[in-house]
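Residue numbers begin at 1 in each chain, while the letters A, B, ... track the order of the sequences.
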Protein chains: 2
Amino acid sequence: MKRNNKLPGKTIERLSQYRRSLLLCLAQEKTHIFSHEIAALLHITPVQVRRDIMLIGYTGTLRQGYDIRELIDLIGEIIDSQDGLNVAVIGLGNLGRAILTYLSGKRTKLRIAAAFDINPEKVDKVYGGVPCYPLDRLQEILEKEEVSIGILTVPATETAGVANTLVNCGIKGILNYTPKPINVPPHVYLQEYDMITSLEKVAYFVKRNQQPG
Amino acid sequence: MKRNNKLPGKTIERLSQYRRSLLLCLAQEKTHIFSHEIAALLHITPVQVRRDIMLIGYTGTLRQGYDIRELIDLIGEIIDSQDGLNVAVIGLGNLGRAILTYLSGKRTKLRIAAAFDINPEKVDKVYGGVPCYPLDRLQEILEKEEVSIGILTVPATETAGVANTLVNCGIKGILNYTPKPINVPPHVYLQEYDMITSLEKVAYFVKRNQQPG
DNA sequence: TAGTTCTTGTTACAAAAATAACAATGTTAG
DNA sequence: CTAACATTGTTATTTTTGTAACAAGAACTA
């Protein structure tokens with residue numbers, strides 16, 4: 001049960017997905033599950049499921065598979081923070097609001113504490129249970145609410161500036177949905193995702209399948 | 001200049017990003033660029049840039065670096081389809097509209113041909129230059145517009161059904177932003193992205209940095 | 001009881017991706 | 001002219017990720 005060894009990033013992603021599926025199973029009165037069942041739900045291989053579960057040090061029973069409740073709890077111990085973390089969404093365009101909707105009221109360990117926008121129309125309203133503040137109160141609110149993770153959904157022109165402010169406020173992690181890459185000091189964990197890049201990648205592989213060579 | 005060898009997926013992603021940055025440079029009258037300059041723009045290493053460029057068979061000049069115009073054109077030859085591809089966005093919630101906004105009018109080779117939603121309020125309106133059709137006309141429109149790529153932004157409950165319809169209509173690639181994994185026949189290229197998973201991954205690494213062990 | 005069948009846990013292997021190392025070659029400086 | 005330098009292109013190495021192979025053990029069957 002030694003799981004201080006750093007787990008691979010991809011394993012973490014899958015653990016998050018296992019838990020989500022397992023919660024659904026639990027809601028259906030299911031108590032145990034086999035590796036190949038989890039695999040089928042997520043369209044991956046049973047081997048990979050078993051390997052991931054091995055890495056977190058959980059052990060199923062031989063003929064019943066894994067205890068769903070126990071597995072959910074263990075995944076929680078691994079990927080959740082004990083006391084929870086506060087998250088802020090910066091930029092309430094369509095994407096920012098989409099994220100608020102997705103997350104609203106779901107995660108208990110990840111609390112969306114605040115949203116920010118520059119548009120006065122949006123400021124002081126509440127979206128998905130989250131209050132929207134003006135962008136110029138970013139620093140103040142981040143500190144007051146002890147926000148550790150920022151989700152960047154501002155226009156590309158604002159990315160660098162907002163990112164700097166986040167870092168200066170002592171943010172611990174940034175999820176950047178802006179098409180503009182940012183750089184951060186090593187103690188800040190950064191993950192970037194660009195929708196246009198993803199789409200162009202799909203287009204490339206579609207093209208290749210059409211004209212194989 | 002043999003670039004029929006399949007390029008790594010990650011290289012494709014970076015090529016897309018190189019092109020975007022290079023277009024900006026070109027707009028600033030710049031004609032040549034060094035690998036370390038590209039690297040700095042995207043916060044990666046110069047070696048990786050050179051390696052990617054080597055893989056597509058382009059050669060820069062020794063003291064001037066790469067010709068920006070030529071490089072942009074070559075990347076286009078590689079990742080764009082000759083005649084362009086038509087894309088449809090299925091589901092016009094916040095996320096669907098965000099994508100339309102991002103893409104509207106930008107890509108010439110990737111044309112957003114149609115959007116779909118089940119909500120009558122949205123149907124028959126135009127979003128970002130793209131007409132919205134009712135979901136039950138999906139099959140008809142996809143065939144009429146010769147759509148090869150579908151972007152899935154419907155609620156999780158609808159994912160499986162819509163995905164099946166897409167496959168039946170002969171779609172070539174799917175970009176699934178739904179939290180529900182789908183499976184498709186091997187000739188359909190599938191890419192999935194789940195925002196909640198990404199956020200939980202960031203949270204995990206933030207937690208690890210806080211309590212290193 | 002002995003054997004068959006599932007399923008897990010683990011080790012070994014393969015593939016993909018990133019990084020490092022370094023030869024080659026114009027260009028500049030003296 | 002020669003040496004130092006900056007930059008590319010390529011090969012080699014390491015790291016990460018995924019897949020396969022297989023021993024071991026509980027439950028069922030006869």
Side-chain angles (χ1 to χ4, degrees), chain A residues 1-3 5-18 22 30-68 70-71 74 181 186 190-192 197 201 204-205 208, chain B residues 1-3 5-18 22 30-40 42-68 70-71 74 181 186 189-192 197 201 204-205 208:
Chain A
M1 189 83 86
K2 45 151 67 165
R3 50 187 138 76
N5 330 19
K6 186 153 122 240
L7 295 168
K10 296 289 186 181
T11 293
I12 298 299
E13 294 179 13
R14 283 189 297 266
L15 287 175
S16 159
Q17 292 169 335
Y18 296 162
L22 291 172
K30 218 160 143 54
T31 64
H32 290 76
I33 194 165
F34 295 125
S35 62
H36 65 259
E37 293 179 291
I38 300 180
L41 288 173
L42 299 174
H43 308 118
I44 59 180
T45 70
V47 188
Q48 197 155 49
V49 174
R50 293 208 299 279
R51 210 172 184 295
D52 287 333
I53 291 177
M54 182 192 80
L55 288 177
I56 64 175
Y58 183 64
T59 277
T61 56
L62 197 38
R63 199 63 179 187
Q64 296 184 300
Y66 305 99
D67 183 303
I68 294 181
E70 283 178 13
L71 189 47
L74 181 54
L190 171 65
Q191 188 168 333
E192 312 205 284
T197 294
K201 186 181 175 189
Y204 169 79
F205 283 106
R208 273 199 63 88
Chain B
M1 188 87 84
K2 41 148 71 165
R3 53 186 135 80
N5 331 18
K6 186 151 123 243
L7 295 168
K10 296 288 185 181
T11 293
I12 298 299
E13 293 179 15
R14 284 189 297 265
L15 287 175
S16 160
Q17 292 169 336
Y18 297 162
L22 290 173
K30 218 161 143 55
T31 63
H32 290 76
I33 195 167
F34 295 123
S35 62
H36 64 259
E37 291 178 293
I38 301 180
L42 299 174
H43 308 117
I44 59 180
T45 70
V47 187
Q48 196 154 49
V49 174
R50 293 207 300 277
R51 210 172 185 294
D52 287 334
I53 291 177
M54 181 193 79
L55 288 176
I56 65 175
Y58 183 66
T59 277
T61 55
L62 196 40
R63 199 62 179 187
Q64 294 185 302
Y66 305 99
D67 182 304
I68 293 180
E70 283 178 13
L71 189 47
L74 180 55
Y189 181 82
L190 171 65
Q191 188 168 335
E192 312 204 283
T197 294
K201 187 180 176 189
Y204 169 78
F205 284 106
R208 273 198 62 87

So, for B:Y18 and B:D52, which heavy atoms are closest and what is the spacing to 0.1 Å? OH-OD2, 2.7 Å
If you look at every heavy atom in B:F205 and A:L7, which pair is closest and at what distance? CZ-O, 4.4 Å
Rounded to whole Å, the CG-P distance (B:L7 to C:dA16) equals 13 Å
In terms of side-chain heavy atoms of A:Y66, which of D:dG18, D:dT7, C:dT8 is nearest? C:dT8
What's the CG-P distance between A:L55 and C:dT11, to the nearest Å? 11 Å
If each of A:M54 and B:R50 is mapped to the nucleotide of DNA chain C with the nearest heavy atom, which maps nearer the 5' terminus, i.e. the 5' end? A:M54
Taking the minimum atom-to-atom distance to the side chain of A:R63, which one of D:dT8, D:dG9, D:dA26 wins? D:dA26
May I have the distance from B:D52 (atom CG) to C:dT19 (atom P), rounded to whole angstrom? 11 Å
Please tell me if A:R51 has a side-chain N or O lying less than 4.0 Å from either OP1 or OP2 of D:dT17. no
Report the distance from atom CD1 of A:I53 to atom P of C:dT10, rounded to the nearest whole Å. 12 Å
Nearest nucleotide by nearest heavy atom, which residue falls closer to the 5' end of DNA chain D, B:Q64 or A:G9? B:Q64
Rounded off to whole Å, could you give me the CG-to-P distance for the A:L62 and D:dA27 pair? 8 Å
Which of C:dT25, D:dA20, C:dA21 is nearest the side chain of A:V47? It is D:dA20
Rounded to whole Å, please give me the gap between CZ in A:R14 and C1' in D:dT19. 12 Å
Side chain of B:T59: nearest nucleotide among D:dT8, D:dT19, D:dG9? D:dG9
Whole-Å distance, A:I44 CD1 to D:dG18 P, equals 9 Å
Does atom NZ of B:K30 have more than 12 heavy-atom neighbours from other groups under 6.0 Å away? yes
Using whole Å, report how far NE2 of A:H32 lies from P of C:dC6. 20 Å
Check every atom of D:dT17, C:dT19, D:dT7 against the side chain of A:K10 and return the nucleotide holding the closest atom. D:dT17
Donor-acceptor pair, A:E37 side chain versus A:F34 backbone, under 3.5 Å? yes
I'd like to check B:K201 versus A:S16 (side-chain heavy atoms, cut-off strictly below 4.5 Å). Are they in contact? no
OP1 or OP2 of D:dT17 sitting under 4.0 Å from any side-chain N/O of A:T11? no
